[in-house]
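Just so it is clear, the structure is predicted and the values come from calculations on it, not from any experiment.
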Amino acid sequence: MIQKKIERVLYTRGFHVPEVRKMASRQLYILLGVLPALAFGWKGVDLVTGVLLGTLNFLALAKLIQELVYLQKSAVVVQIFSFYGRMMITALAFYVLIAHLDSSGVWLLMGFSTVLINILLWGMSQFLGKTSKEA
C-alpha cells in the first residue's frame, strides 16, 4: 500500500521513467528505515540528517539526469547550475552542522553514503538481470 502511494507521489512529481522512479522510491525506503535511529540520541539524529541530505540530493539529481538523458528537455545550462548550486548548499549544510552545531561528521557521512548503497543495489540488479537473461 505504501509502495503504490510513494510510486504515485513520485510520478506526479515528475519521475516518469520507471527505473529512476524505482531508485527514488528505494532511497525513500532507506530514509524511512533509518527513522527509528532517532531514538538513539544525537548520533541517530546525525545519521538521519545525513540520510535526509543524501535523499534530497539524490532525488534532485535523479530528476535532473532523467530530464537530461531520458526526456531530453532543454535548458541544460540552467539544470547544471542548479546542480552545482544544490551541491554548494549541501556543503554549507555540512559545514554548519559540523562546525557550529557539533554534529558528528562520521554519522552524517554514513547517512549520506546510503545514496551509494542505493546506486550499488541498482547496479547489481542491472548486472544480475542482464547475466541471467543471457544464460
Side-chain angles (χ1 to χ4, degrees):
M1 180 170 155
I2 192 166
Q3 179 181 1
K4 289 188 184 223
K5 186 170 185 151
I6 288 175
E7 292 268 337
R8 188 171 39 248
V9 168
L10 287 171
Y11 189 83
T12 58
R13 300 238 181 220
F15 292 90
H16 299 293
V17 178
E19 279 296 315
V20 175
R21 193 170 54 249
K22 186 176 179 182
M23 288 180 70
S25 64
R26 188 180 304 126
Q27 187 62 37
L28 289 172
Y29 296 144
I30 292 171
L31 176 62
L32 293 174
V34 298
L35 286 178
L38 290 170
F40 294 107
W42 289 110
K43 290 181 182 179
V45 171
D46 292 343
L47 177 70
V48 171
T49 303
V51 174
L52 179 63
L53 283 171
T55 300
L56 292 174
N57 277 288
F58 181 80
L59 292 176
L61 183 61
K63 194 168 181 182
L64 174 75
I65 289 172
Q66 169 188 270
E67 291 172 357
L68 289 175
V69 174
Y70 293 108
L71 303 179
Q72 299 176 355
K73 288 192 175 180
S74 60
V76 173
V77 174
V78 173
Q79 292 174 341
I80 296 296
F81 277 115
S82 74
F83 168 74
Y84 282 113
R86 193 173 304 104
M87 190 167 44
M88 285 190 286
I89 290 170
T90 302
L92 181 65
F94 272 111
Y95 172 75
V96 169
L97 286 165
I98 295 169
H100 296 290
L101 299 177
D102 292 326
S103 292
S104 169
V106 171
W107 287 98
L108 286 169
L109 289 175
M110 281 176 46
F112 200 80
S113 67
T114 59
V115 171
L116 294 174
I117 294 168
N118 187 7
I119 293 169
L120 284 172
L121 288 172
W122 174 80
M124 287 171 39
S125 70
Q126 295 297 307
F127 177 75
L128 293 174
K130 288 181 179 172
T131 56
S132 66
K133 289 178 185 175
E134 291 174 3

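Two residues are said to be in side-chain contact when any heavy atoms from C-beta on lie closer than 4.5 Å; Ile6 and Leu32 meet this criterion. In this structure, the side chains of Phe112 and Thr90 come closer than 4.5 Å at one or more pairs of heavy atoms. Ser25 has its side chain out of reach of Gln3: every pair of non-hydrogen atoms, C-beta onward, lies at least 4.5 Å apart. Residues Leu109 and Phe94 are in side-chain contact: their nearest non-hydrogen atoms beyond the backbone lie under 4.5 Å apart.
Using a distance-only test at 3.5 Å, with no hydrogens or angles considered, no donor-acceptor pair links the side chain of Asn57 to the main chain of Met87. Lys63 places a side-chain N or O within 3.5 Å of a backbone atom of Arg13 that can act as its donor or acceptor partner.
Once rounded to the nearest 0.5 Å, the distance linking CE of Met88 with CZ of Phe83 reads 11.0 Å. Annotation: the span from Leu59 atom CG to Phe15 atom CZ amounts to 5.0 Å, rounded to 0.5 Å. Taking CD of Glu19 as the reference point, atom OG of Ser125 lies at 6.5 Å (rounded to 0.5 Å). With rounding to the nearest 0.5 angstrom, the CE atom of Met23 is 9.0 Å from the CG atom of Leu121. In this structure, CG on Leu120 lies 13.5 Å from CZ on Phe127, to the nearest 0.5 angstrom. The CD1 atom of Ile98 sits 5.5 Å away from the CG atom of Leu108 when rounded to the nearest 0.5 Å.
Taking hydrophobic clusters as Ile, Leu, Val, Met, Phe, Trp and Tyr residues chained together by side-chain heavy-atom distances below 4.5 Å, Val51 shares a cluster with Tyr29. Leu52 and Leu28 end up in the same hydrophobic cluster when Ile, Leu, Val, Met, Phe, Trp and Tyr side chains are linked at under 4.5 Å. With hydrophobic clusters built from ILVMFWY side chains whose heavy atoms lie under 4.5 angstrom apart, Tyr84 shares a cluster with Leu64. Note on Trp107: it does not cluster hydrophobically with Leu31, by side-chain heavy-atom contacts below 4.5 Å among ILVMFWY residues. Linking ILVMFWY side-chain heavy atoms closer than 4.5 Å, directly or via other members, places Val34 and Leu38 in a single hydrophobic cluster.
Here the closest heavy-atom approach between residue Gly54 and residue Val115 is recorded as O-CG2, 3.3 Å. Shortest non-hydrogen contact noted between Arg21 and His16 is NH1-O, 3.3 Å.
Open room surrounds CD1 on Ile2; 12 or fewer heavy atoms of other groups in view lie less than 6.0 Å from it.
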Go through the steps for Gln27 and Ile30 under the test side chain to side chain contact (heavy atoms under 4.5 Å, CB included), then give the verdict. CA-CA 5 Å; Gln27 187 62 37; Ile30 292 171; 4.0 Å; yes

Before you tell me yes or no, could you show the steps for Asp102 and Trp42 under side chain to side chain contact (heavy atoms under 4.5 Å, CB included), namely the whole-Å CA-CA distance, both residues' side-chain angles and the distance that decides it to 0.1 Å? CA-CA 10 Å; Asp102 292 326; Trp42 289 110; over 6 Å; no

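Ser104 and Asp46 share no side-chain donor-acceptor pair at under 3.5 Å.
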